[in-house]
Amino acid sequence: MKMTKDQMTSGYLTHELRAPLAAIRFALEIFLDKSGTRLTDEDRHILSIAMRNTTKLNLLINDIMELSKIQTGRLSTAPVETDPIKLVRETVEDMLSWVEHAKLNVKITAPDKCPTVFVDQRRTGQSLINLISNAIKFTPTGGLIEVIVETGAGKHEGFVVVSVKDTGCGIAPDDVAKVFGYFVQVGSPEKRSEGTGLGLSLARSMVEIQGGNMWVTSELGKGSKFIFTMPLYTGQKPPPPETDAVLPPGTQPGNTPGAQQFPTGNPAAIPPAGGAPEVPPSK
Ligand SMILES: Nc1ncnc2c1ncn2[C@@H]1O[C@H](COP(=O)(O)OP(=O)(O)OP(=O)(O)O)[C@@H](O)[C@H]1O
Ligand SMILES: [Mg+2]
């Protein structure tokens, strides 16, 4: 597959940004370590801001690198037979401290038994993390996040369906169709500053590359439900996509969007590194 000049430049830039960033982080850590008790509280506070922002920048670079891989068709997956309930439980467990810190409640609803799925566990876990981190970010204190696992039926036959449902701010009807677009953020300006608008587009692409779908239903002021599907394990690898064209999430070959599925927003070109706002450290 031929890469465009923009795609090559963004891939190169993100790669070249990582090493100096790691050096900055390392230098800060050594400085903190060596300074011991000589630092004032204010010094430590200033250093902690610098450290926190290196973490944010690192996460942003990772996201842009993933996006670059998706756009150039270089994202590889390693699907294995997976227990979907275990995958969901472990991912939710990993996020418990953040959920508790945000003073939210989380609940998993799953059947006693569920067929196994054929997915890349790291990438699927990351998609779920992106959905749960959004639910945490957009749900006020005291709210509930429910992660539901179901065996697909009807048009979802052959899949396991996972939903992340929250009691948060919800999404306006006009915005619902846009939220999977690259660098798209909607809703309140304060919350926008906590991210880059890449989490959902990456999550959806990861799911689609593995043969699943992702969509959302939402009601402003009441909450949102983000849903994705994972193909059942059949003992056979699914056939490769028919084309190697680079497509935006929501339009991958083999997708059969259901009635509830919303189209993807316009994928933007990758902006120059550093031109995007901060990402939350927890992602
Ligand atoms: N659970 C949710 N409730 C309400 N709005 C949401 C929810 N999830 C996503 N959104 C809206 O969709 C937008 C895009 O989400 P996305 O995860 O792609 O970006 P982000 O969270 O702003 O930044 P990033 O994930 O890159 O750190 C968000 O900015 C928000 O406006
Ligand atoms: Mg997000």
Side-chain angles (χ1 to χ4, degrees), residues 14 52-53 55-68 70 91-92 95 98-99 102 104-107 123 125-148 162-208 214-228 248-250 260-268 270-271 273-283:
T14 46
R52 200 164 60 235
N53 279 282
T55 307
K56 286 183 180 182
L57 205 45
N58 198 35
L59 289 167
L60 176 59
I61 292 169
N62 286 347
D63 276 359
I64 295 178
M65 280 181 86
E66 291 287 68
L67 179 59
S68 165
I70 289 167
T91 310
V92 170
M95 301 194 75
W98 191 21
V99 171
L104 294 167
N105 304 293
V106 65
K107 171 179 163 188
R123 297 204 181 283
Q126 188 58 53
S127 297
L128 189 53
I129 287 174
N130 288 6
L131 296 186
I132 297 174
S133 67
N134 280 347
I136 296 172
K137 193 157 61 170
F138 297 104
T139 304
T141 305
L144 174 67
I145 298 169
E146 189 177 2
V147 186
I148 307 156
V162 175
S163 313
V164 177
K165 190 176 165 199
D166 64 55
T167 56
C169 62
I171 302 167
D174 283 354
D175 290 332
V176 148
K178 302 177 192 159
V179 293
F180 291 102
Y182 300 135
F183 297 103
V184 169
Q185 294 185 293
V186 297
S188 79
E190 310 90 70
K191 291 287 171 195
R192 286 185 206 192
S193 68
E194 291 175 24
T196 39
L198 265 181
L200 282 179
S201 49
L202 289 175
R204 192 189 227 189
S205 293
M206 304 283 180
V207 164
E208 289 179 341
M214 184 180 284
W215 66 97
V216 58
T217 56
S218 187
E219 203 177 331
L220 195 59
K222 295 217 163 149
S224 307
K225 189 175 179 186
F226 283 85
I227 306 140
F228 69 93
Q260 289 172 295
Q261 180 136 5
F262 295 97
T264 314
N266 283 338
I270 304 171
E278 294 175 340
V279 292
S282 31
K283 207 178 73 180

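As the structure lists them, so they are numbered: ligands from 1, and atoms in each ligand from 1. These numbers come from a predicted model, not from an experiment.
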Self-check item: Test of proximity, Ser201 against ligand 1: N or O pairs below 3.5 Å
Solution: no
Quiz item: Atoms of ligand 1 less than 4.0 Å from Cys169 heavy atoms?
Solution: 4 (C)
Quiz item: What's the shortest heavy-atom distance between Val179 and Val184, and which atoms?
Solution: CA-CG1, 4.3 Å
Quiz prompt | Met95 side chain near Val106 side chain, heavy-atom distance below 4.5 Å | solution = no
Exercise. Of all the heavy-atom pairs spanning Lys137 and Gly195, show the shortest one and how long it is.
Key: NZ-CA, 4.0 Å
Practice problem: Using atom types as modelled and distance alone, determine if a side-chain donor or acceptor of Ser68 lies under 3.5 Å from a backbone N or O of Ile64. | Solution: no
Quiz item: Does ligand 1 have an atom that lies less than 4.0 angstrom from a heavy atom of Asn130?
Solution: no
Exercise. Check each atom of ligand 1 against the heavy atoms of Leu200 and keep those under 4.0 Å away; list them by number with element.
Key: 9 (C), 12 (O), 14 (C), 15 (O), 16 (P), 17 (O), 18 (O)
Quiz item: In ligand 1, which numbered atoms sit nearer than 4.0 Å to a non-hydrogen atom of Val184?
Solution: 13 (C), 14 (C)
Quiz prompt | Candidate pair Gln126 and Ile129, rule side chain to side chain contact (heavy atoms under 4.5 Å, CB included), full reasoning | solution = CA-CA 5 Å; Gln126 188 58 53; Ile129 287 174; 4.0 Å; yes
Exercise. Would you mind reporting whether Tyr182 and Leu67 have side-chain heavy atoms less than 4.5 Å apart?
Key: yes
Quiz item: Is the closest heavy-atom distance from Phe180 to ligand 1 below 4.0 Å?
Solution: no
Quiz item: For ligand 1, is any non-hydrogen atom under 4.0 Å from Leu131's backbone (N, CA, C, O), its side chain (CB onward), both, or neither?
Solution: neither
Practice problem: Return the minimal non-hydrogen interatomic distance between Leu220 and Ala172, and the atom names on each side. | Solution: CD1-N, 3.5 Å
Quiz item: For ligand 1, which atoms have a heavy atom of Gly195 less than 4.0 angstrom away?
Solution: 23 (O), 27 (O)
Quiz item: So is there a nitrogen or oxygen of Asp63 less than 3.5 Å from a nitrogen or oxygen in ligand 1?
Solution: no
Quiz item: Looking at Ser218 and Ile171, what are the two nearest heavy atoms and their distance?
Solution: OG-N, 2.9 Å
Quiz item: Of the choices Gly199, Gly223, Gly187, which has the non-hydrogen atom that lies closest to atom 25 (O) of ligand 1?
Solution: Gly199
Quiz item: For ligand 1, which atoms, with element, lie under 4.0 Å from some heavy atom of Gly170?
Solution: 4 (C)
Quiz item: Does Asn130 use its side chain to pair, donor to acceptor, with the backbone of Leu200 at less than 3.5 Å?
Solution: no
Practice problem: Indicate if the distance from the Mg ion (ligand 2) to the nearest N, O or S atom of Asn130 falls below 2.8 Å. | Solution: no
Self-check item: Region of Ser218 that comes within reach of ligand 1 [heavy atoms, distance under 4.0 Å]
Solution: neither
Quiz prompt | Any Ser224 heavy atom less than 4.0 Å to ligand 1 | solution = yes
Quiz item: Counting only N and O atoms by type, is there a donor-acceptor contact under 3.5 Å from the side chain of Arg123 to the main-chain atoms of Met206?
Solution: no
Quiz item: Side chain, backbone, both or neither: which part of Ile171 has a heavy atom under 4.0 Å from ligand 1?
Solution: side chain
